[in-house]
Amino acid sequence: MAAAGSASWQPQEEGLKEICGLLEQQISPSSSADKSQIWQQLQHYSQFPDFNNYLAFILARAEGKSVEIRQAAGLLLKNNLRTAYKMMSLAHQQYIKSELLPCLGAADKHIRSTVGTIISVVVQLGGILGWPELLQAFINCLDSNDLNHMEGAMDALSKICEDIPQVLDSDVPGLAERPINIFLPRLFQFFQSPHASLRKLSLGSVNQYIMLMPSALYASVDKYLHGLFGLANDPAAEVRKLVNSFSFSLVCAAFVQLIEVRPSVLEPHMKNVIEYMLQVNKDTDDEVALEACEFWSAYCDAQLPPEILREYLPRLIPVLLSNMAYADDDESLAEAEEDESLPDRDQDLKPRFHTSRFHGSEDAEDDDDDSFNVWNLRKCSAAALDVLSNVFGDEILPTLMPIIQAKLAAIGDEAWKDREAAVLALGAVGEGCINGLYPHLSEIVAFLIPLLDDKFPLIRSISCWTLSRFSKYIVQDSGHQKGYEQFDAALMGLLRRILDTNKRVQEAACSAFATLEEEAAEELAPRLEVILQHLMCAFGKYQRRNLRIVYDAIGTLADAVGGELNQPVYLEILMPPLIAKWHQVPNSDKDLFPLLECFTSIAQALGAGFTQFAQPVFQRCINIIQTQQLAKVDPVSAGVQYDKEFIVCSLDLLSGLTEGLGSGIESLVSQSNLRDLLLQCCMDDASDVRQSAFALLGDLARVCPVHLHPRLSEFLDIAAKQLNTPKLKETISVANNACWAIGELAIKVRQEISPIVMTVISCLVPILQHAEGLNKSLVENSAITLGRLAWVCPDLVSPHMEHFMQSWCIALSMIRDDIEKEDAFRGLCAMVRANPSGALSSLVFMCKAIASWHEIRSEELHNEVCQVLHGYKQMLRNGAWDQCMSALEPPVKDKLSKYQV
């Protein structure tokens, strides 16, 4: 190879030929040469100091070679520079840079693009300061009026803006102003270029700075927006889409921040933005219209002033409604023709996620099913209408209802999509516009019920959904004869659709029925027999995907009617098919999950009535946990692949059994190795396994603590560790359940909890002191568990009272009246008896906590609280008690009067 670098470096012909030959073999699909051998040879050459000069020469000057070879040399050069640039001699760096700059205007587009990529890498590694000629070269090219030069410089500049935007927004010694200030006016100019490629590249480059908002762009926001509106009707779809997608994120992300901090910047332009979005929302390209449609929900979510949007509603709502009709190529149209006899394919089955058991007031919300479906213009428009109805309420009805009525009145088979969109729109505004719709709901429901029998399956399915959106009203109104008849008609209509022959309708009807069940609860009791007959009939005929929804409807029914289900006539309909399925599904089949969840709800609802089914269910859960724990270390011996969800569902079903059977589960636990399995699960590395394990630990502590006894100290240690972790926020649900379980164990084992009391207290106090950033349930459980520990071990806890009394009392005052709150206040009274002075500095907070009770049902506790207050009244003399009372609000004082103070 040539002698090491000099400014007039020249390649040797032989070396050039050899490298070109290797590159040719490397990229040739027909070459028989061993590609890995060629790669090794190129890697070997990379060790020569001037190898990268050869690659730069081939890229820039090998005119006789194919573009593909030159490009391959450029890509190899880029990769080499990433690792070697900083170790190269200055002369070699300089040579490569000097070869790249003239290529910005190369005749071939691919060469220009490769050069742009390499330039961006060099700037990443060496900075702008290390290449002073670059900025001038960019300016010369951009101002040249030669398309190749302009495009080449613009391509390289856009890559720098994308990869390292901050480089251009920094001070460069020797430059009077930051590079971005020099380029912005030129970029804005290109917004009006006759060449679509330049319009697209310049817009993409400026967009990279919206979040950073350099002062130069901040000062030219008007110019930017003006250019953006100019591009709004760009004839090139790719530019139009870029404008739209960015305007969406522009106003929904960056400009939203701006509006919060400096509303003066955007407020004058918001009308133009809305006007432009309205136009784009009508675009004939659905993808482009979808980008614009995202804007309306984002505007409302960002809590921007609704009045700006209000005047556009009469124009916006018709656009949303027309976009809510099914597009001709919507995949749902083909799916809607699927008959129930067609077996589901594996890809039809949505991934399902079981939510681990959670003890507290903030249970996880169900995931929206739509997350699995394809997001499209129809769904986005319906979502936007839903959000608008929640912001503007009944104001939108005068515009909306005439359009809905006109679409519903459209007759003929060809108009079914309009009718369907009108029913969807009614459902979309069912929540936000409920006040305005309320006087007409009886008519609306009466109109929807016959649509459940429409000849078009997608009208039947959407009518199920829309009806479910009015469930609350349908149930509320069932108290009088006419209302009950309508409730019954809706109920029977949905049950009919549950037995529809169309899979899509089955799915919608089952989901809608589950919603109605939640609202109706015990109102369903008189119709239980007919409901169960329909659900079990569906259970017998559904394919796998919809079967999961039936399980959910059965589980929801059990949760809704509770003990009403515990009658032989109902159990004879319900249990035999479920038990047959229970025997049919193997332990390694994921179809077992929804069945386990369904059994959990049934066990809790039946209570002691589940005893006759309990033994095989309990044993199977134990077997599944054992098999999965083995599969974790030795899948071959276990005969199954490890999947933690089997363990989580089994633990949760055991919790349901424990809750349902109460002390009746004792005989099952005593004859099993559940205790040891549970301890293993409490130490599992998966947080959802630990979460469910601690829920079961707490449930077992309530009904049969004696069986936990032999390993009590281990359970307590591992539970305490869940509260003492730097990752508390990531595993908050585990900490919540562990905290609750410690409290349940404490009141059962009393003094035996003492070895871990101070460890746990030291973890609970920081949770109470920093409650504002944490989950409400964890704070409540921490307050209750602290109180329970104080109740059973007051001598250990009371010396430390003053460190936590204030934050603990604040947390106690937020908890609703129940048995757990009673326990916590028993702890409060026990501590005050042991160390009265410990609460003196927090007396006002203690009084507020006591006043948070509506009524203490336990007479014994009521008397203890009276004694505590009277004790302080006697202790605080010379007006100190009155001073404390004067710091309380009048309602708090009123509440305390029932304790005779």
Side-chain angles (χ1 to χ4, degrees), residues 359-362 702 740 743-744 746-747 750 764-765 768-769 771-772 776-777 779-795 797-798 800-901:
H359 269 280
S361 59
E362 278 185 7
R702 288 176 130 168
W740 172 77
E744 291 294 340
I747 56 177
R750 313 295 294 183
L764 297 179
V765 171
L768 296 171
Q769 287 172 338
E772 59 288 334
K776 177 174 169 240
S777 194
V779 174
E780 287 183 5
N781 275 322
S782 299
I784 289 161
T785 295
L786 191 152
R788 285 174 157 177
L789 294 174
W791 179 29
V792 297
C793 299
D795 298 341
V797 183
S798 61
H800 309 279
M801 281 166 76
E802 57 196 277
H803 297 303
F804 59 74
M805 273 305 283
Q806 183 174 327
S807 54
W808 182 46
C809 286
I810 290 170
L812 285 177
S813 61
M814 305 291 187
I815 299 173
R816 64 189 174 282
D817 292 9
D818 65 11
I819 198 99
E820 296 182 345
K821 184 169 177 173
E822 283 187 10
D823 288 350
F825 272 78
R826 288 191 177 96
L828 182 114
C829 295
M831 279 199 293
V832 168
R833 278 196 298 275
N835 177 15
S837 60
L840 269 177
S841 60
S842 309
L843 196 55
V844 168
F845 294 94
M846 192 177 86
C847 288
K848 287 181 180 177
I850 291 169
S852 72
W853 282 96
H854 293 292
E855 180 192 0
I856 300 178
R857 297 218 169 152
S858 158
E859 194 180 336
E860 178 201 356
L861 179 60
H862 180 89
N863 294 339
E864 282 186 52
V865 170
C866 282
Q867 285 167 9
V868 164
L869 289 170
H870 282 278
Y872 280 116
K873 189 171 182 178
Q874 286 170 341
M875 193 172 156
L876 296 170
R877 298 175 182 273
N878 304 327
W881 173 257
D882 293 334
Q883 197 178 341
C884 170
M885 289 294 106
S886 67
L888 299 172
E889 296 86 4
V892 174
K893 280 192 222 171
D894 290 347
K895 288 270 185 75
L896 291 180
S897 62
K898 68 172 82 163
Y899 304 100
Q900 290 87 46
V901 290

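Values below: every heavy atom of this structure, side chains too, minus hydrogens, waters and symmetry copies.
Heavy-atom contacts from other residues, nucleotides or ligands closer than 6.0 Å to CG of D818 number more than 12. By the 6.0 Å contact criterion, CZ on R750 is enclosed, its count of non-hydrogen atoms from other residues, nucleotides or ligands being greater than 12. Atom CE of M875 has more than 12 heavy atoms from other residues, nucleotides or ligands within 6.0 Å.
Considering only heavy atoms from C-beta on, L888 comes within 4.5 Å of M885 through its side chain. Using a 4.5 Å heavy-atom cutoff, the side chains of E780 and K776 are in contact. Between E820 and I815 there is no side-chain heavy-atom pair separated by less than 4.5 Å. At a threshold of 4.5 Å between non-hydrogen side-chain atoms, the residues L828 and W808 count as touching. Contact of the K895 side chain with the I850 side chain is not registered, since no non-hydrogen atoms from C-beta on lie closer than 4.5 Å. Side-chain contact between H854 and R816 is absent, with no heavy atoms from C-beta onward closer than 4.5 Å. Between W853 and F825 the shortest side-chain heavy-atom distance falls below 4.5 Å. Within the 4.5 Å cutoff, side-chain heavy atoms of E889 are placed close to those of K848.
Going from atom CG of L764 over to atom CD of Q769 covers 11.0 Å, rounded to the nearest 0.5 Å. Here the SG-CE distance, from C884 to M846, works out to 8.5 Å after rounding to the nearest 0.5 Å. Q867 contributes atom CD, which lies 10.5 Å from atom NE2 of H862 (distance to the nearest 0.5 angstrom). We find the OG-CH2 distance between S777 and W740 to be 11.0 Å, quoted to the nearest 0.5 Å.
Between the T785 side chain and the S782 main chain, no donor and acceptor come within less than 3.5 Å of each other.
A donor-acceptor pair shorter than 3.5 Å can be found between the side chains of K821 and S852.
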Please report the C-alpha distance between S858 and R826 in whole Å, then the side-chain angles of each, then the deciding distance to 0.1 Å, and finally whether the side chain to side chain contact (heavy atoms under 4.5 Å, CB included) criterion is met. CA-CA 11 Å; S858 158; R826 288 191 177 96; 3.4 Å; yes
Verdict with reasoning, E822 to R857, per side chain to side chain contact (heavy atoms under 4.5 Å, CB included): CA-CA 9 Å; E822 283 187 10; R857 297 218 169 152; 4.0 Å; yes
Could you walk me through whether W881 and L843 pass side chain to side chain contact (heavy atoms under 4.5 Å, CB included), step by step? CA-CA 10 Å; W881 173 257; L843 196 55; 4.2 Å; yes
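Using a cut-off of 4.0 Å between Lys/Arg side-chain N and Asp/Glu carboxylate O, E855 and K898 are scored as not salt-bridged.
Y899 and I856 make their closest contact through OH-CD1, 3.5 Å (heavy atoms, listed as atom of the first residue, atom of the second, distance). Taking every heavy atom of both residues into account, L768 and A811 meet most closely at CD2-CB, 3.8 Å. Closest approach of C847 to V892, counting heavy atoms only: O-CG1, 4.2 Å. Between V792 and I747, the shortest heavy-atom contact is CG1-CA, 4.3 Å. For the pair R877 and Q874, the tightest heavy-atom approach, listed with the atom from each and the gap, is NE-O, 3.3 Å. When every heavy atom of C809 is checked against every heavy atom of A849, the shortest pair comes out as O-CB, 3.6 Å.
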Which donor-acceptor pairs under 3.5 Å do side chains of residues 831-841 form with protein atoms, sequence neighbours excluded?
| residue | atom | partner | partner atom | Å |
| --- | --- | --- | --- | --- |
| R833 | NH1 | E864 | OE1 | 3.2 |
| N835 | OD1 | S837 | OG | 3.2 |
| N835 | OD1 | G838 | N | 3.3 |
| N835 | ND2 | S798 | O | 2.8 |

